[in-house]
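Both counts, for ligands and for their atoms, begin at 1 and track the order of listing.
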Amino acid sequence: MQVAVIGANGGIGRELLPRLADAGHDPVGVVRDESQFEAVRDRGGEPRLGDLEGDFDAALDGADAVVFTAGSGGSTGADKTLMVDLWGARRVVDACVDRGIDRFVMISSVGAGDPLAGPEPLRPYLVAKRCAADHLEQSSLDSTILRPTALTDAEGTGSVSLAADGLGGDTAEIPRADVAQTAVACLDTDRTVGETIRLTGGETPIERALRGGD
Ligand SMILES: NC(=O)c1ccc[n+]([C@@H]2O[C@H](COP(=O)([O-])OP(=O)(O)OC[C@H]3O[C@@H](n4cnc5c(N)ncnc54)[C@H](OP(=O)(O)O)[C@@H]3O)[C@@H](O)[C@H]2O)c1
C-alpha cells in the first residue's frame, strides 16, 4: 500500500518511514518544509509538501492509507492546538473521504477519552485530540485510533501493553519507535479496524497484542 505519513518529520513520523518500507509498503512522508525532504528520502520515504494550516491535498495523491502523527507540540499555544491537532486532523479525514482513501490510523493520546480528567494545562489539547478522533470514528473510513501514554525516544522494544485501564498512571511511557511499529502492524491487522486502542510500554510482542494476546 502507498501510506502517507502526516507529520513525517516528527518523532513518531521518523520512526514510521523505515518500518513501513520494511513491511512492504510505499511510504510517503508529508512535511511542511522542503529542507526536510532529504531526511525523508534517507528513511526510505517519498517526500511531499503538505501544511495542515494550508494545502496538503496533493500530498495524498495515490495514497491507499494515511497515518496521522502530526502535532502542534507543547511549546505552542491553544491557537495551534486548534488549527493543527483539531482542525488539521479533521481536514485530513475529510480529504481521505473525498478521495476514497479508506484506511486511516490516527495517533491520538491517552487522556483523550476524558479530557476534563486530565491535568488542566493539557485539557485543550486533549479536547482537540478527542474531537479529531470522534470525527474520524464517525466517518466512513476504516479507522484505528491509538492512544499512547507519554512518548520517549528510547529504543523500541517490539513489545507493548494494551491494558484497558490504568496504564500505569501519570508515569507510564512508551518509546515512539514502538508506537510507530504498532501503527504499521495495525495496517496489516484487520481486527484493529474500528478500534480505539490504549497503548503503553509492556511485555507483549506487538503483533500478538493486536491479535488479542495482551
Ligand atoms: N508527546 C507525547 O508524550 C505524546 C503522548 C501521546 C500522544 N502524542 C501524539 O503523538 C503524535 C506524535 O508525537 P511526536 O512527539 O512524535 O510528534 P512531534 O515530534 O512533535 O512531531 C509532530 C510533527 O507534526 C508536524 N506539524 C506540526 N504542525 C504542522 C502543520 N501545520 N502541517 C504539517 N505538519 C505539521 C511537525 O512538523 P515540523 O517538523 O515541521 O515541526 C512535526 O514533524 C502527535 O499527534 C502527538 O499529539 C504525543
[X]: numbered ligand 1 atoms lying under 4.0 Å from its heavy atoms:
X	answer
Thr149	5 (C), 6 (C)
Tyr125	7 (C), 8 (N), 9 (C), 46 (C), 47 (O), 48 (C)
Asn9	39 (O), 43 (O)
Ser108	6 (C), 7 (C), 8 (N), 9 (C)
Ala150	3 (O)
Val84	28 (N), 31 (N)
Asp51	30 (C), 31 (N), 32 (N)
Ile107	10 (O), 11 (C), 45 (O)

For Gly74, is the nearest heavy atom under 4.0 Å from an atom of ligand 1?
no
Whether Met83 lies under 4.0 Å from ligand 1, heavy atom:
no
How far is [atom] from its nearest protein heavy atom, and which residue and atom is that?
atom	result
atom 27 (C) of ligand 1	Gly71 O, 3.2 Å
atom 35 (C) of ligand 1	Arg32 NE, 3.8 Å
atom 32 (N) of ligand 1	Leu52 N, 2.8 Å
atom 16 (O) of ligand 1	Ile12 N, 2.9 Å

Under 3.5 Å, is there a donor on one side chain and an acceptor on the other for Asp94 and His135?
yes
Ignoring hydrogens and angles, state whether a donor on the side chain of Thr144 or Arg103 is under 3.5 Å from an acceptor on the partner side chain.
yes
Lys/Arg-Asp/Glu bridge criterion (N-O < 4.0 Å) met for Asp114, Arg130
no
Do Glu53 and Lys80 sit within salt-bridge range, that is, some charged N less than 4.0 Å from a carboxylate O?
yes
Is any side-chain heavy atom of [X] less than 4.5 Å from a side-chain heavy atom of [Y]?
X	Y	value
Val3	Leu187	yes
Phe56	Val92	yes
Thr152	Ile174	no

Return yes or no for this condition: an N or O of [X] is under 3.5 Å from an N or O of ligand 1.
X	value
Leu151	yes
Lys129	yes
Arg176	yes
Asp85	no
Gly11	yes
Pro148	no

With side-chain contact (heavy atoms from CB on, under 4.5 Å) as the criterion, how do Ile12 and Ile107 come out once you've worked through the C-alpha distance, each side chain's angles and the decisive distance to 0.1 Å?
CA-CA 9 Å; Ile12 291 177; Ile107 310 300; 4.0 Å; yes
So CZ of Arg191 and CZ of Arg211: to nearest 0.5 Å the spacing works out to 9.5 Å
OG1/Thr182 to CD1/Ile197 distance, rounded to the nearest 0.5 angstrom?
8.5 Å
Arg147 backbone acceptor or donor facing Arg198 side chain under 3.5 Å:
no
So does Ala63 get a backbone contact from the side chain of Gln2, meaning a donor-acceptor N/O pair under 3.5 Å?
yes
Yes or no on side-chain contact (heavy atoms from CB on, under 4.5 Å) for Arg90 and Leu136, after CA distance, side-chain angles and deciding distance?
CA-CA 7 Å; Arg90 284 181 56 118; Leu136 172 58; over 6 Å; no
Out of Gly10, Ala70, Gly13, the nearest non-hydrogen contact to atom 44 (C) of ligand 1 is supplied by Ala70
Determine, considering heavy atoms only, which of Ile6, Val30, Thr69 sits nearest to atom 12 (C) of ligand 1.
Thr69
Any chance CG of Asp98 has more than 12 other-residue heavy atoms, nucleotides or ligands included, within less than 6.0 Å?
yes
Are there protein heavy-atom neighbours of atom 20 (O) of ligand 1 below 4.0 Å?
no
